[in-house]
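Only one structure is covered here, and it is reproduced in the block below.
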Amino acid sequence: MEGDPRSRIVEQTLASPDVHRVWGRSYYESASAGFYQHAFDAIVRYLDAPRGTVILDAGCGQGHHAIRLAKRGYEVEAVDFSPAVLEVARENIKRSCVDHAIRLRRENLIDLSSPDESFDHVLCWGVLMHIPQVKLAIAELSRVLKPGGIVVVSEGNFHSLDAIGMRILKRVLGKRTMS
């Protein structure tokens, strides 16, 4: 693990606050709000979990998805590798007034500290594509999942259908109308 040069490069990149600021501007702009509203409504229906259920947000980034889950009545264990992004997440969570429902921790997805079978539900949104040792990360997510639990994974990127759709809408409707 520690000897993998790809992992060291990724870890250095993800530790940079600048990377997360760029992602924050491009992925969490107001034009995306409707998409995320529908996506998280669908996720909640699919999970069919009672309010108060604890969900692991693996690779929480700036905390936006943890906030979406907390606002829908869930408790969230939000973990990320980058101390810089966890500080941004902490500010976003406090500003959203859901800090009582979200616990932030610094974790590496290829070596989670949670015991086996800790969570009924795990969310991992846009994270696995950044992990060179993706098999280890998936093994860890599986390890902390309770039998019969559900892992929700989204790996959209520049070439994903939602990203292409947003670019087309911006061109057709104009940037002013989308913001």
Side-chain angles (χ1 to χ4, degrees), residues 1-28 32 35-36 39-40 42-43 46-47 49 53-70 74-93 102-164 166:
M1 284 184 267
E2 291 180 19
D4 185 347
R6 295 173 305 157
S7 291
R8 279 196 305 274
I9 292 167
V10 169
E11 289 172 1
Q12 289 170 347
T13 303
L14 294 178
S16 167
D18 295 335
V19 168
H20 297 283
R21 273 194 288 278
V22 170
W23 286 343
R25 283 193 303 269
S26 59
Y27 288 110
Y28 303 111
S32 303
F35 166 76
Y36 287 117
F40 276 78
I43 289 168
Y46 180 72
L47 294 178
T53 297
V54 178
I55 298 175
L56 173 64
D57 183 0
C60 68
Q62 297 180 8
H64 298 292
H65 300 324
I67 292 166
R68 289 181 177 94
L69 291 169
Y74 296 101
E75 300 290 318
V76 182
E77 294 282 330
V79 301
D80 202 283
F81 173 79
S82 168
V85 80
L86 285 171
E87 278 309 307
V88 175
R90 196 173 323 287
E91 292 169 16
N92 288 337
I93 290 164
I102 300 172
R103 194 174 112 198
L104 286 173
R105 289 193 327 263
R106 184 171 187 260
E107 293 274 350
N108 188 325
L109 292 191
I110 62 172
D111 188 25
L112 294 169
S113 65
S114 300
D116 294 355
E117 302 177 3
S118 298
F119 300 97
D120 288 308
H121 307 292
V122 175
L123 172 72
C124 189
W125 191 294
V127 178
L128 296 176
M129 68 181 106
H130 301 293
I131 301 176
Q133 297 168 311
V134 70
K135 288 180 183 178
L136 284 174
I138 291 170
E140 276 297 279
L141 296 177
S142 299
R143 182 186 64 76
V144 301
L145 187 67
K146 292 180 182 176
I150 298 172
V151 177
V152 175
V153 175
S154 175
E155 286 301 316
N157 58 37
F158 185 78
H159 302 289
S160 68
L161 187 56
D162 63 304
I164 293 168
M166 289 305 293

| Side chains of Ser113 and Glu107, donor plus acceptor under 3.5 Å | yes
First locate atom [atom1] of [X], then atom [atom2] of [Y], and finally report the distance between them rounded to the nearest 0.5 Å.
X      : Y      : atom1 : atom2 : answer
Glu77  : Leu112 : CD    : CG    : 11.0 Å
Ile43  : Ser154 : CD1   : OG    : 7.5 Å
Glu75  : Leu56  : CD    : CG    : 13.5 Å
Leu109 : Ile138 : CG    : CD1   : 10.5 Å

| task | Look at the rings of Phe40 and Trp125 and say which category their plane angle falls in: under 30° parallel, 30 to 60° tilted, over 60° perpendicular. | result |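 Phe40 vs Trp125 ring planes: parallel.
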| field | Derivation and outcome, ring-ring contact (aromatic ring centres under 6.0 Å, His included), residues Tyr36 and His64 | value | CA-CA 10 Å; Tyr36 287 117; His64 298 292; 8.4 Å; no
| Nearest heavy-atom pair of Ser114 and Arg105: which atoms, and what distance? |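 Heavy atoms only, the tightest pair is OG-NH2, 3.2 Å.
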| query | Can you list the residues that meet the side-chain contact (heavy atoms from CB on, under 4.5 Å) rule with Leu145, with sequence neighbours excluded? | reply |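 Counting only residues at least two positions away or on another chain, Leu145 forms a side-chain contact (heavy atoms from CB on, under 4.5 Å) with Val122, Val151.
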| query | side-chain contact (heavy atoms from CB on, under 4.5 Å) with Asp120: which residues, sequence neighbours excluded? | reply | Lys146
| field | Qualifying residue for side-chain contact (heavy atoms from CB on, under 4.5 Å) with Cys60, from Ile67, Ile102, Asp80 | value |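 Going through the options one by one, the only one that passes is Asp80.
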| request: Carefully, step by step, assess Tyr74 and His121 under the rule ring-ring contact (aromatic ring centres under 6.0 Å, His included). | output: CA-CA 11 Å; Tyr74 296 101; His121 307 292; 7.6 Å; no
